[in-house]
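Mind looking over this structure? Questions follow.
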Amino acid sequence: MSAADKQDAPQSALARFFDSDLWWSFTHSPVVMLAALVTVVIIFSAVFAPWVAPYNPFDLAQLDLMDSLKPPAWLEGGDPRYLLGTDDQGRDIFSTILYGARISLLVGFLSVIVAMLIGVTVGLIAGYAGGLTDTILMRIADIQLTFPAILIALLVDGVMRGLLPGSHENLAIFVLVLAIALSSWVQYARTVRSSTLVERTREYVQAAQVIGLPAPLILVRHILPNVLGPVLVIATIQLALAIIIEATLSFLGVGVPPTSPSLGTLIRIGNDYLFSGEWWITVFPGLGLIILVLAVNLLGDWLRDALNPKLR
Amino acid sequence: MTEAQDTPALLDIRGLKVEFPSRRGVLVAARDVDLSLQAGEILGVVGESGAGKSTIAYAIMGLIEPPGRMAAGEIRLKGERIDGLPREKMRKIRGKRIGMIFQDPLTSLDPLQTVEAQLVETMRTHLPISESEARARAVELLGQVGIPNPAERVKNYPHQFSGGMRQRVVIALAISCEPEVLLADEPTTALDVSIQAQILDLLRKLVRDKGMGMIIITHDMGVIAEVTDRVAVMYRSRMVETGPSEKILTHPDHPYSRSLIAAVPPADHRIERFPLVEYIEKAGDEQAKLDLSTHWLGQARDFGSHEETLLKVEDLTMRFMTRPSLIPSRRRYMTAVDHVSFAIRNGEVFGLVGESGSGKSTVARLICGIHKPLSGRIHFAGEELTAFTSRRAANHLRRQMQMIFQDPYSSLNPRMKVRDIVAEPIRFHKLASSNAQVRRIVSDLLDHVGLGASAALRYPHEFSGGQRQRISIARALATRPRFLICDEPTSALDVSIQAQILNLLKDLQEELGLTMLFISHDLPVIRQMCDRVGVMQHGKLLEVAETESLFTSPRTDYTRHLLKLMPRMKRAA
Amino acid sequence: MLFFIARRLAQSILVMLTVALIAFTLFQYVGDPINNMVDQDTTLAERERLRQELGLNDPPPVQFWHFVQRVSHGDFGVSYRLKKPVAGLIAERFPATMELSLISAILALGIGIPMGVYTALHRDRLPARLFMTLSLVGISLPTFLIGIFLILLFGVQLRWLPTFGRGEVVHIGWWSTGLLTKSGLQSLLMPAFTLAVFQMTLIVRLVRAEMLEVLRTDYIKFARARGLKTRAIHFGHALKNTLVPVITIIGLQVGSIIAFAIITESVFQWPGMGLLFIQAISEVDIPVMAAYLLLIALVFVIINLIVDILYFVIDPRLRVNK
């Protein structure tokens, strides 16, 4: 509404947030609130896994092979000490899930940040510079976009293996982050570029040019804040996707090593026991993965609709 | 209804109320609207943006978008109630008995179907005719709305028509089933002046020939004066006055109508100031006269030179690439500015007038350095701007020229507070010594443009269009410029707000001794603001003349043509 | 028209050359090709002779040119791991991947597009909301997990369907098909569904978003104001306009099904190219990786060409000049 309705003092940033449509749509959607809660709980228990988890599955002193392959506590033969059962080495499934989620989230967040940095920079430059720079950058993006992220990630991972044969184990997580980031920066670049193209023609940018501001300052101070909305949405959706890609790569055996397993690695390990009846080794990490990704996706979906009301 | 009528009106609306519920409460878009329309009559509904004009048309068509709804009232077509009809019945009325024309012809037609297919489909939906009959009638209709070569053009797709021609196609579609009522929602707003006049002529002719009744919804008093028999004035969702156009335009009863009409710039003479329109919005308080010898805006006004000519443009040419390609020979260009030369004297207001695409805005952007010219020279304050190789070297000159833009909704960065918007040029050009001083200057400036210092802490979206334009002006003044470029500064504003902004610009120009380049497509506005005027068409500057002599004795055919199209309203003495 | 196609073809060739360059770079700089071809006791002189023979001492542009020539004749070299010509390995596995991908694409498009249209047209109805919720679950399910859960349910618990391999295949020329035998069809069921789910949910959401966008345009409002029938507006005007932008992306989606087959093939031990590629990656078997990459690129380029031509047929703004 216009200023005529609000001649009172300007609102503080916090008050403005609680009055915003974003907050309103959040508090009016129980599903989204639940998703947020689940996400927060998972992130919290993953980050604080050493304190939250009942066991440290990687402390060999705590392992007892006598406890291996126990079914979940409520089934016949289950052990109340191990809520979701144990795997072939007697590790508590619940604890491995918490530690695994830690790796999955770490790789997810890092790769989203790296991809965002690359993509936003390329998008801003291509959109603002236009001309040949734009054509070249976007052609590269187009060509890459024709290949699915998973393939690019596999390829980067394969190349890294070839280049660093010995040290791959130690660097696995960073290779994985790089592979996922390189496979997903295009999304950011394209969105930022198209928003930049729109913003560039807006008169506030021309006003900044008339004042005499140099291009980098205009990009950072004027255009960047105005193109970040969609980036936030993509980042959320990409976080879910990065977690899936990480899990997939680890499942395929080219991701993180089994010494520090992520959710995907756990599922891969469990997959070997599927046919002998020890389904819980696969199913519980799988469910954990699905719940995490679903919660993040719900948040992303809500964020997209809330920031772009006409899309509802 | 107690009053007895022999023949019911063609369209009769009583007590219409339309609401849009939202989480912040129910927004009433129109209330207590009473209207009636006779056959063969053209009724205008006039009002400023957000007054609820279009809502009436959508209510009549039964096309209010949910969650909006018609909350009260009744709508009768020839005495028979049509509001609240079942969907299928209402669908059979739309297009068949009531036709509607939309504002933007560029987006009103399905891009994937030929004009013929769209016409045939519409007719065959409502009329019992065969495919071949419909095709024949489609050609006939295109002829009626003045499209040359109808038999050939009917096979074309919408993108093959120009804007004006597309609006004719839209009209042909709307009248294809011979409706009794035609609703036209801002039918000429998106079009150029010369096209506007043709479309209005066409609509008037069709209404007379076919004995339709037409409601034309517009914000433009010129359109009202041109075609309507009766007019209804809307203000803040209410209908404040209805009557014969002649009477409302000359002797309006309601204070709002009076101030609205007073705000329309007269085309036939120059006035000192626009009468204040206090009824409409709390107008900017009249600012106290400045003492330039003490005020910040007056400091450092000694720019060193007081030459006769402040800005000289020589042989300026600029082209845009319309088809980029790596191969130079495959590139296509559009010459936007074609060998333009003129000079602006110190302290005068120089106008540039022309239709859209004439290149007038490009000239402004070349002068202030947003675009680079292909050839030609620009001299400012005795130095050649085009000779500087880097922006930085020309910064001391750039500081002296500022620009006010057309669209108040996009000319302010939505993520910055007003204080930072206005302070940015001060900080960048280091015009103040401390943060406290910057803050003081900003509140001074905001005060001076009639906003009050409390505006500083808000964001642009909290302000109306007119207020935003004031912020824009404050920002432009913040570098203490001597030359101000105004690119259609009021064309996105309602007429009453336009009057306020033009008054403000006049005052500032006088007080600060500013030199101005004033760009507009609106001749009456030009007449009120400018000392001398240049007329542009297709990138060329056709003539330059003193404003009064341009209006009284134009030298080129094109200028005469523009003057002829200029809407003239009869006014009370 | 001809010019349009010619330009697209030129672009496609550019894309293929770029991918070839990447593949070539892999050969050049990842691992030593000689090391992979000889054993420990080959002498240095012999290695040098081999290098000379293979042209590995030529300047890189010349080598690249030779590489492009060889590749365009279908010569991808010899697999480091299996010591067999790569072209033969690929040809053997090509039909398996193509059949799987084709059936999945048909499933994804055949269910995805109608569901997208339905959810856009009736977005407040219960089934539409249900579909949208399901599609969100769909994009949150990693493909390999769908496969595992299906195997667990239908393979291990219910024992209805085979859990790995292609079943019995019939050879028609060099092509081997599983579509003609009962066990082949049974084996195809779970992998095809697994592969289709993700793409299907993406297509539902894409079609819905685009269609909602189109339904808000002025020309749809104007069509309503002309009293056209709802069916005609939805299917005559809105759907066709929705398809224009959707076709491009759907083309890409269909293409990526082939690449996504990697995961499905790995879960179901499906003897296709994806499985070959995964094994190549863990062993850094560069010739197989390069060949697979080039083949996938070729498939994408062909799909893109088809999409462009379709686009051209549908959209008069491209076809008819002013």
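Naming: A, B, ... by sequence-line order, numbering from 1 per chain.
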Are the side chains of C/Phe277 and A/Leu151 in contact, using a 4.5 Å heavy-atom criterion?
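Yes - at least one pair of side-chain heavy atoms lies under 4.5 Å apart.
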Does C/Thr97 have any side chain to side chain donor-acceptor pair (under 3.5 Å) partners at least two apart in sequence or in another chain, and if so, which?
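Once residues adjacent in sequence are excluded, the partners of C/Thr97 under the side chain to side chain donor-acceptor pair (under 3.5 Å) criterion are C/Glu265.
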For C/Ile151, is it the side chain, the backbone, both or neither that has a heavy atom under 4.5 Å from a heavy atom of chain A?
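Contact with chain A is through the side chain of C/Ile151 alone.
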A/Gly286 and C/Leu145: which non-hydrogen atoms are nearest, and at how many Å?
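Closest pair (atom of A/Gly286, atom of C/Leu145, distance): O-CD1, 3.5 Å.
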As an exercise, state the distance from CG of A/Asp301 to CE of C/Met132, rounded to the nearest 0.5 Å.
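So the CG of A/Asp301 and the CE of C/Met132 are separated by 6.5 Å.
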Just verifying a value: how many Å separate C/Phe144 CZ and A/Leu252 CG, rounded to the nearest 0.5 Å?
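With rounding to 0.5 Å, CZ (C/Phe144) is 8.0 Å from CG (A/Leu252).
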Rounded distance (nearest 0.5 Å) linking atom CD1 of A/Ile150 with atom CZ of C/Phe260:
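Between A/Ile150 CD1 and C/Phe260 CZ, I get 6.0 Å after rounding to 0.5 Å.
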Write out, in numerical order, the residues from residues 235-251 of chain A with a heavy atom short of 4.5 Å from a heavy atom in chain C.
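Residues in range: A/Leu241, A/Ile244, A/Ala247, A/Thr248, A/Phe251.
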Which atom pair, heavy atoms only, marks the closest approach of A/Leu155 to C/Ile281?
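Taking A/Leu155 first and C/Ile281 second, the nearest heavy atoms are N-CD1, 4.3 Å.
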At a heavy-atom separation under 4.5 Å, does C/Val19 approach chain A through its side chain, its backbone, both, or neither?
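Only the side chain of C/Val19 comes within 4.5 Å of chain A.
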Quick one: OG1 on C/Thr18 to CZ on A/Arg139, what's the gap to the nearest 0.5 Å?
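It comes to 10.0 Å.
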Inter-chain contacts: residues 197-205 of chain C against chain A, heavy atoms under 4.5 Å
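The stretch touches chain A at C/Phe198, C/Arg205.
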Side chain to side chain donor-acceptor pair (under 3.5 Å) partners for C/Thr119, two or more places apart:
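Per chain and number, C/Thr119 pairs via side chain to side chain donor-acceptor pair (under 3.5 Å) with no residue.
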Measuring heavy-atom distances to chain C, does A/Val283 have an atom under 4.5 Å in its side chain, in its backbone, in both, or in neither?
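When you check distances to chain C, atoms from both the backbone and side chain of A/Val283 fall under 4.5 Å.
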Got C/Ile148 and A/Trp279 here, is their nearest side-chain heavy-atom distance under 4.5 Å?
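C/Ile148 does not reach A/Trp279 side chain to side chain.
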Examine whether an atom of C/Ala297 lies under 4.5 Å from a heavy atom of chain A, and if so say whether it belongs to the side chain, the backbone or both; otherwise answer neither.
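The answer is both parts of C/Ala297.
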Taking all non-hydrogen atoms of both residues into account, name the closest pair between A/Ile290 and C/Pro142 and its distance.
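So the two residues come closest at CG1-CD, 4.3 Å.
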Can you see which heavy atom on C/Val137 is nearest to which on A/Leu294, and at what distance?
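Nearest heavy atoms, C/Val137 then A/Leu294: CA-CD1, 3.8 Å.
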